[in-house]
Amino acid sequence: MLSSKVINESHGQDSSYFLGWQEYEKNPFHETLNPSGIVQMGLAENQLSFDLIESWLDDHPEVLGLKKNEESVFKHLALFQDYHGLPAFKDAMAKFMEKIRGSKVKFNANKMVLTAGSTSANETLMFCLANPGDAFLIPAPYYPGFDRDLKWRTGVEIVPIHCVSSNGYKITKEALEDAYERAHKLNLNVKGVLITNPSNPLGTSTTRGELDLLLTFTSAKKIHMVSDEIYSGTVFDSPEFTSVLEVAKDKNMDLDEKIHVVYSLSKDLGLPGFRVGLIYSNNEKVVSAATKMSSFGLISSQTQHLLANLLSDERFTTKYLEVNRKRLRERRDRLVSGLKKAGIGCLKSNGGLFCWVDLRHLLKSNTFEAEHSLWTKIVCEVGLNISPGSSCHSDEPGWFRVCFANMSDQTLGVAMDRVHGFVEAMVMNTNHGKQKRTMWDSRRRSLINKWVSKLSSVQCESER
């Protein structure tokens with residue numbers, strides 16, 4: 001006999017968000033080895049500024065060599081470390097987070113809990129703030145992984161705060177109250193509100209007005225406010241990023257024990273494989289309990305050592321944030337421009353690694369069944385793995401999250417050509433599905449041959 005955790009389906013992995021990944025892994029795109037494969041546009045990964053980090057590492061070989069002042073620190077790092085983390089690393093993280101927020105917020109390293117990524121940080125907070133059967137309110141659309149990260153092992157329930165495209169998905173007082181009332185009608189004890197700022201999947205930062213509203217609401221209800229700010233350093237356009245802690249300070253709530261922040265280096269530095277996350281809280285009991293829980297998912301000492309040195313280099317972090325934001329803005333603009341040429345619009349974004357793309361005009365009907373049918377065609381026939389709005393708990397069918405920072409310029413070009421070909425085939429004046437399919441297959445073969453030829457010529461030029 002196995003536990004209910006093993007045999008039930010509450011892990012959320014059956015979401016189309018994860019199913020798209022499975023299809024991609026069966027047939028991954030490669031510019032030369034598999035040009036007809038599926039392009040991964042469902043992965044929110046920042047690969048645009050690796051060269052900056054690699055250059056820093058080349059200039060500081062002693063860090064990778066585990067040396068300090070020409071003396072080995074290998075033994076020091078290899079021996080037992082307690083779960084509080086290396087002081088130098090926590091201090092460096094505090095300064096980096098302050099830099100991202102324009103020094104408008106100060107961080108105390110003693111109020112930090114290190115975790116193996118933001119997934120662990122969010123789950124740990126749920127264990128600390130709620131009991132099984134309690135609920136958190138989350139603005140929808142929201143990150144599909146939350147159905148696994150927040151619910152699966154903790155038993156916590158999620159109640160969506162319904163946000164709509166007609167007002168740019170702004171969080172309103174009415175939407176907050178509606179979610180709170182729905183939770184109570186379901187006999188759920190609401191323990192808090194959790195947001196991602198900037199939003200995943202929308203790519204928009206939460207406004208100061210919305211944050212003020214959220215803090216007023218959570219304070220009045222005497223519930224917790226959790227702000228997942230793992231994309232804070234990716235904000236590349238106006239309005240600038242505003243942390244919940246900045247607004248709390250303005251409202252004289254900066255020492256409030258019910259306000260908690262989650263952060264990670266997975267998105268801003270593009271280091272998801274390093275598994276670096278943290279919880280920041282004024283609540284001593286939460287910090288104490290979360291620190292004990294962190295022993296189940298620690299950050300390795302050598303990782304902390306490397307990043308303590310990297311983040312302590314003020315010149316590097318200043319340059320990195322500036323250049324990375326510029327590159328993200330340029331890549332966002334290229335995606336938006338390419339989609340616009342195909343007659344496709346997006347929600348105006350100012351941060352994150354993705355756009356919220358409007359494909360409602362391509363649906364056969366205004367239903368989630370039609371959205372699923374369109375998504376299946378895009379993944380399996382067009383060869384683009386994007387995330388359907390239904391996986392993000394969107395109330396409106398036809399919206400999709402499309403990532404843009406996890407691929408090369410050439411691969412993005414392939415994706416845009418495929419989009420143009422697909423839309424062109426969709427709008428052609430044909431009456432039979434078979435004729436449409438034949439037209440698209442022919443168009444797709446033409447695009448593949450075009451890109452193989454283009455890449456071959458590029459390789460020939462580089463060889464010269």
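For the numbers below, each heavy atom of this structure counts, side chains included, while hydrogens, waters and symmetry mates do not.
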**OP:** Could you tell me how the ring of Tyr320 sits relative to the ring of Phe316: parallel (under 30°), tilted (30 to 60°) or perpendicular (over 60°)?
**Re:** tilted
**OP:** Please work out which of the three classes, parallel, tilted or perpendicular, describes the rings of Tyr169 and Trp399, given edges at 30° and 60°.
**Re:** perpendicular
Subject >> Pairs where residues 165-178 contributes a residue and the test salt bridge (charged side-chain N to carboxylate O under 4.0 Å, His left out) is met, not counting sequence neighbours >> reply: Glu177-Lys221, Asp178-Arg182
Student check: side-chain heavy atoms of [X] and [Y] closer than 4.5 Å:
| X | Y | result |
| --- | --- | --- |
| Ser232 | Tyr263 | yes |
| Ile344 | His361 | yes |
| Thr124 | Ser120 | yes |
| Cys355 | Val336 | yes |
| Glu98 | Lys106 | yes |
| Tyr142 | Ile161 | no |
| Cys392 | Trp356 | yes |

**OP:** Taking the six-membered ring for Trp and the single ring otherwise, decide whether the centroids of Phe354 and Phe400 are under 6.0 Å apart.
**Re:** no
Original post:
Is the distance between the ring centroids of His184 and Tyr180 under 6.0 Å?
Top reply: yes
Subject >> side-chain contact (heavy atoms from CB on, under 4.5 Å) evaluation trace for Val193 with Val226 >> reply: CA-CA 6 Å; Val193 175; Val226 178; over 6 Å; no
Gap separating the [atom1] atom of [X] from the [atom2] atom of [Y], nearest 0.5 angstrom:
| X | Y | atom1 | atom2 | answer |
| --- | --- | --- | --- | --- |
| Asn108 | Met112 | CG | CE | 8.5 Å |
| Lys191 | Glu157 | NZ | CD | 14.0 Å |
| Trp56 | Ile53 | CH2 | CD1 | 10.0 Å |
| Tyr143 | Asn200 | OH | CG | 7.0 Å |
| Ser219 | Asp256 | OG | CG | 6.5 Å |
| Leu202 | Lys348 | CG | NZ | 14.0 Å |

Compare every heavy atom of [Y] with every heavy atom of [X], then report the nearest pair and how far apart it is.
| X | Y | value |
| --- | --- | --- |
| Leu328 | Leu353 | CD2-CD2, 3.6 Å |
| Phe404 | Gly352 | CZ-O, 3.8 Å |
| Glu371 | Glu396 | OE1-O, 4.2 Å |
| Pro397 | Asn366 | CG-OD1, 3.2 Å |
| Lys267 | Thr234 | O-CG2, 4.3 Å |
| Asp409 | Arg331 | OD1-NH2, 2.8 Å |

**OP:** Report the C-alpha separation of Ser301 and Gln304 in whole Å, then their side-chain angles, then the decisive distance to 0.1 Å, and conclude whether the side chain to side chain donor-acceptor pair (under 3.5 Å) test is met.
**Re:** CA-CA 5 Å; Ser301 296; Gln304 294 185 55; 5.1 Å; no
Subject >> side-chain contact (heavy atoms from CB on, under 4.5 Å) between Met41 and Asn385, worked out >> reply: CA-CA 5 Å; Met41 305 186 83; Asn385 177 36; 5.7 Å; no
Is the backbone of [Y] close enough, under 3.5 Å, to the side chain of [X] for a donor and an acceptor to pair up by distance?
| X | Y | result |
| --- | --- | --- |
| Thr411 | Met407 | no |
| Asp134 | Val190 | no |
| Ser165 | Gly168 | no |
| Ser295 | Lys292 | yes |
| Asp228 | Ile230 | yes |
| Ser391 | Ser387 | no |
| Asn406 | Glu45 | no |
| Ser103 | Lys99 | no |
| Thr218 | Leu214 | yes |
| Thr154 | Leu150 | yes |

Original post:
Asn27 and Asn34: side chain to side chain donor-acceptor pair (under 3.5 Å), yes or no, with the steps?
Top reply: CA-CA 8 Å; Asn27 183 28; Asn34 190 24; 2.8 Å; yes
Original post:
Given Asp147 and His393, is the side chain to side chain donor-acceptor pair (under 3.5 Å) satisfied, shown in steps?
Top reply: CA-CA 10 Å; Asp147 291 324; His393 300 269; 2.6 Å; yes
Original post:
More than 12 heavy atoms of other residues, nucleotides or ligands under 6.0 Å from CZ of Phe296: is that the case?
Top reply: no
**OP:** Please say which of Thr119, Leu278, Leu125 ends up in a side-chain contact (heavy atoms from CB on, under 4.5 Å) with Val262.
**Re:** Leu125
**OP:** Carefully, step by step, assess Val423 and Val419 under the rule side-chain contact (heavy atoms from CB on, under 4.5 Å).
**Re:** CA-CA 6 Å; Val423 173; Val419 169; 4.3 Å; yes
Donor-acceptor pairs under 3.5 Å, side chain of residues 15-23 to any protein atom, not counting sequence neighbours: which ones?
unit_1	atom_1	unit_2	atom_2	d
Ser15	OG	Tyr17	N	3.1
Trp21	NE1	Gly42	O	3.2
Glu23	OE2	Lys26	NZ	2.9

Do [X] and [Y] get their side chains close enough for a donor-acceptor pair, meaning under 3.5 Å?
| X | Y | result |
| --- | --- | --- |
| Asn324 | Asn46 | yes |
| Ser205 | Asn350 | yes |
| Asn283 | Lys258 | no |

**OP:** Determine, step by step, whether Val113 and Tyr280 satisfy the side-chain contact (heavy atoms from CB on, under 4.5 Å) criterion, reporting the C-alpha distance in whole Å, the side-chain angles of both residues, the deciding distance to 0.1 Å, and the verdict.
**Re:** CA-CA 7 Å; Val113 180; Tyr280 187 82; over 6 Å; no
Subject >> Single hit among Arg327, Arg334, Lys326 for side chain to side chain donor-acceptor pair (under 3.5 Å) with Glu330 >> reply: Lys326
Subject >> Evaluation steps, side chain to side chain donor-acceptor pair (under 3.5 Å), between Lys251 and Thr216 >> reply: CA-CA 9 Å; Lys251 292 171 69 70; Thr216 298; 3.2 Å; yes
Acceptor/donor pairs from residues 235-243 side chains to any protein atom, 3.5 angstrom cut, sequence neighbours excluded:
unit_1	atom_1	unit_2	atom_2	d
Asp237	OD2	Arg332	NH2	3.0
Glu240	OE2	Lys104	NZ	2.8
Ser243	OG	Glu229	OE1	3.1
Ser243	OG	Glu229	OE2	3.1
Ser243	OG	Leu245	N	3.1

